[in-house]
Amino acid sequence: MKLALIGYGNVGRALGRLIANQRREFPFSITGIHTLRHGTAADPNGLGSEPEFGPRAGSIEEFLDAAGAEVAVELTTLDPTSGEPAISHIRAAFARGMHVVTANKGPITHAYADLRDVAARAGVVFRFESAVMDGAPVFNLWRHTMPGVRVLGFVGALNSTSKVVVETMERGGSFEDGLAAARAMGITEAGGAFDVEGWDSAAKTAALANVLLDARTTPQQVSTRGIARLTPERLAAINRQGKTVRLISRARRTGSGVSARVRAEVLDRADILAAPQGTSNILLFHTDLMGTFGTVSIDPGVEQTAYGVFSDLVSCGADGDAATPG
Ligand SMILES: NC(=O)c1ccc[n+]([C@@H]2O[C@H](COP(=O)([O-])OP(=O)(O)OC[C@H]3O[C@@H](n4cnc5c(N)ncnc54)[C@H](OP(=O)(O)O)[C@@H]3O)[C@@H](O)[C@H]2O)c1
């Protein structure tokens, strides 16, 4: 299966390595790579392991036509306020009858229902497993393993930067020390403000609510309060009561739709939502037939994100033939 990569940064390069390592069992071929500043490479016969980049293609359409791929893999930088240009990239791929896989939350938070419907009408597959929890199964879990079960809501601790900040303060550091530690780990979005003010969690909450609860919401519509005003003194007082703080995403179906919110919550240390440390994260689903159960990911890194994309590519191969215009 031929792949056109839009974006070739941390995730794109990790995906390239994973595809090379798995080539024998999964014969994917990268036929195009399009970037913002590094130019474009395209060869419908397949690019080598060290692709040579020429001038940047004049448009996404020009690039996709030159790559001649079956799947567009959208891995560009997140724009949390609009979801662009990823949404336009995905629409251009659908218009060419291509399947799309993305790790970018933007399109899922700002245009999920519409993109899902366009993909269905075009008879192509649209997958985004890595958008919320790196490679841990979240969306594909529902697609493949839970027949008949309805999601009633979810709760999760999904933001790594806020955990690192809380843990740093619990060890005696300042809020700024915690942010600096998170920046040094390369896990912050927009220098960390986006994380501690709760917007990364709001984006993940909106993406999950849109897909699992058909919420049609955006991060801006999720009621959000982050940990920006948490001080070491306040946290020390909370710790003395055997408790800690986590930035928690919650959503549930209500009589009139879906309610979704992000809050810095005071939790018992024994609470399962407080257990994951640092970059580890947890998501619990509340359901009708399966009670509450969840997914935990311990110290995920860019390799796990690349794996989530890879698992979607495999499912494009399996499901692509079955996808028919609706
Ligand atoms: N890193 C993770 O572990 C992780 C986890 C989950 C989800 N994600 C999501 O995955 C996506 C990629 O993340 P990343 O860490 O790989 O980002 P990154 O290292 O910043 O790479 C972004 C890539 O997108 C390219 N790009 C930006 N705007 C573009 C445009 N308009 N047209 C074409 N190419 C464009 C950049 O080109 P240049 O190289 O020329 O700058 C770069 O190659 C993001 O949406 C991110 O939120 C990442």
Side-chain angles (χ1 to χ4, degrees), residues 4-18 30 32-42 47 51-64 66-67 72-93 100-111 127-139 156 158-161 182-183 185-192 194-195 199-204 206-208 219 278-281 283 295 297 299-313:
L5 271 53
I6 313 166
Y8 196 56
N10 296 313
V11 179
R13 286 167 194 275
L15 179 67
R17 293 192 294 274
L18 179 52
I30 297 174
I33 302 175
H34 187 50
T35 71
L36 186 62
R37 297 163 303 163
H38 293 85
T40 296
L47 298 171
E52 279 188 25
F53 289 84
R56 187 170 193 262
S59 66
I60 189 67
E61 290 81 5
E62 187 185 309
F63 164 67
L64 292 174
V73 188
E74 217 294 340
L75 301 173
T76 65
T77 319
L78 168 70
D79 179 336
T81 54
S82 72
E84 289 290 2
I87 294 172
S88 301
H89 293 164
I90 292 171
R91 288 191 195 285
V100 172
V101 172
T102 184
N104 193 327
K105 289 188 279 295
I108 317 303
T109 56
H110 288 280
R127 295 281 184 270
F128 36 80
E129 185 61 278
S130 288
V132 167
M133 218 169 151
D134 308 300
V138 173
F139 300 114
L158 300 169
N159 178 259
S160 302
T161 296
R183 278 194 207 107
M185 294 163 78
I187 59 171
T188 57
E189 301 257 18
F194 184 67
D195 297 86
W199 293 110
D200 172 70
S201 294
K204 289 171 175 165
L208 288 164
T279 61
S280 302
N281 41 42
L283 178 61
T295 297
S297 183
D299 285 337
V302 73
E303 276 74 23
Q304 283 65 55
T305 304
Y307 175 74
V309 175
F310 181 84
S311 72
D312 282 340
L313 292 172

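Count residues from 1 along the sequence. Remember, it's 1-based here, ligands and their atoms both numbered in the order they're listed.
- Between atom 34 (N) of ligand 1 and the options L5, I6, T35, V302, the minimum heavy-atom separation is to T35.
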- Message: Using the rule given for side chain to side chain contact (heavy atoms under 4.5 Å, CB included), can you reason through I108 versus V132, listing the C-alpha separation, both sets of side-chain angles and the distance that settles it, and then say yes or no?
- Response: CA-CA 10 Å; I108 317 303; V132 167; over 6 Å; no
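- When the options D200, L36, T102, L15 are ranked by their closest heavy atom to atom 37 (O) of ligand 1, first place goes to L36.
- Heavy atoms only, all atoms of each residue included: I187 and D195 are closest at O-OD2, 4.3 Å.
- For atom 39 (O) of ligand 1, the closest heavy atom belonging to the protein is H38 ND1, 3.0 Å.
- Between A203 and P219 the shortest heavy-atom distance is CA-CG, 3.8 Å.
- Each of T40, L47, T35 was evaluated against F53; a single residue qualifies, T35, per the side chain to side chain contact (heavy atoms under 4.5 Å, CB included) test.
- Numbered from 1 in the order shown, with element, the atoms of ligand 1 that lie under 4.0 Å from a heavy atom of S130 read 6 (C), 7 (C).
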For residues 302-311, tabulate all N or O donor-acceptor pairs below 3.5 Å that involve a side-chain atom, not counting sequence neighbours.
from, atom 1, to, atom 2, distance (Å)
E303, OE2, R17, NH2, 3.4
Q304, OE1, G301, N, 2.7
T305, OG1, D134, OD1, 3.1
S311, OG, G308, O, 2.8

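- Applying the 4.0 Å criterion to heavy atoms of Y8 picks out, from ligand 1, the atoms 23 (C), 42 (C), 43 (O).
- Under the 3.5 Å distance criterion, the side-chain polar atoms of E129 are matched with a main-chain donor or acceptor of V138.
- What sits closest to atom 12 (C) of ligand 1 on the protein, heavy atoms only, is L75 O, 3.3 Å.
- Side-chain contact check for I90 versus F128: every heavy-atom pair is 4.5 Å or farther apart.
- Scanning both residues, G16 and I30, for their nearest heavy atoms gives CA-CD1, 4.2 Å.
- Among T40, T76, T279, the residue whose heavy atom sits closest to atom 35 (C) of ligand 1 is T76.
- At the shortest separation from atom 8 (N) of ligand 1 among protein heavy atoms lies A103 O, 3.8 Å.
- Judged as a salt bridge (charged side-chain N to carboxylate O under 4.0 Å, His left out), and not counting sequence neighbours, R183 has no contacts.
- What sits closest to atom 19 (O) of ligand 1 on the protein, heavy atoms only, is N10 N, 3.0 Å.
- Residue nearest to atom 30 (C) of ligand 1, selected from K204, R56, R37: R56 (by heavy-atom distance).
- Within the listing of ligand 1, atoms 31 (N) sit less than 4.0 angstrom from a heavy atom of P85.
- Shown here, atom 15 (O) of ligand 1 is in close reach of the protein: a heavy atom of it lies under 4.0 Å off.
- The nearest protein atom to atom 3 (O) of ligand 1, hydrogens excluded, is given as T305 OG1, 3.2 Å; this is a heavy-atom distance.
- The closest side-chain donor-acceptor pair between T81 and D79 falls under 3.5 angstrom.
- Scanning the protein heavy atoms around atom 21 (O) of ligand 1, the nearest turns out to be G9 CA, 3.3 Å.
- Nearest non-hydrogen protein atom to atom 27 (C) of ligand 1 is T77 OG1, 3.4 Å.
- Heavy atoms only, all atoms of each residue included: H89 and L64 are closest at O-CD1, 4.4 Å.
- Residue contacts with ligand 1: V11 is placed with a nitrogen or oxygen under 3.5 Å of a nitrogen or oxygen of the ligand (distance criterion only).
- Only the side chain of D134 comes within 4.0 Å of ligand 1, judged by heavy-atom distances.
- Proximity to N104 (heavy-atom distance under 4.0 Å) selects the following atoms of ligand 1: 45 (O).
- Taken to the nearest 0.5 Å, the CD1 atom of I33 stands 11.5 Å off from the NE2 atom of H38.
- Remark: ligand 1 atoms within the under-4.0 Å shell around heavy atoms of G7 are 23 (C), 24 (O), 25 (C), 43 (O).
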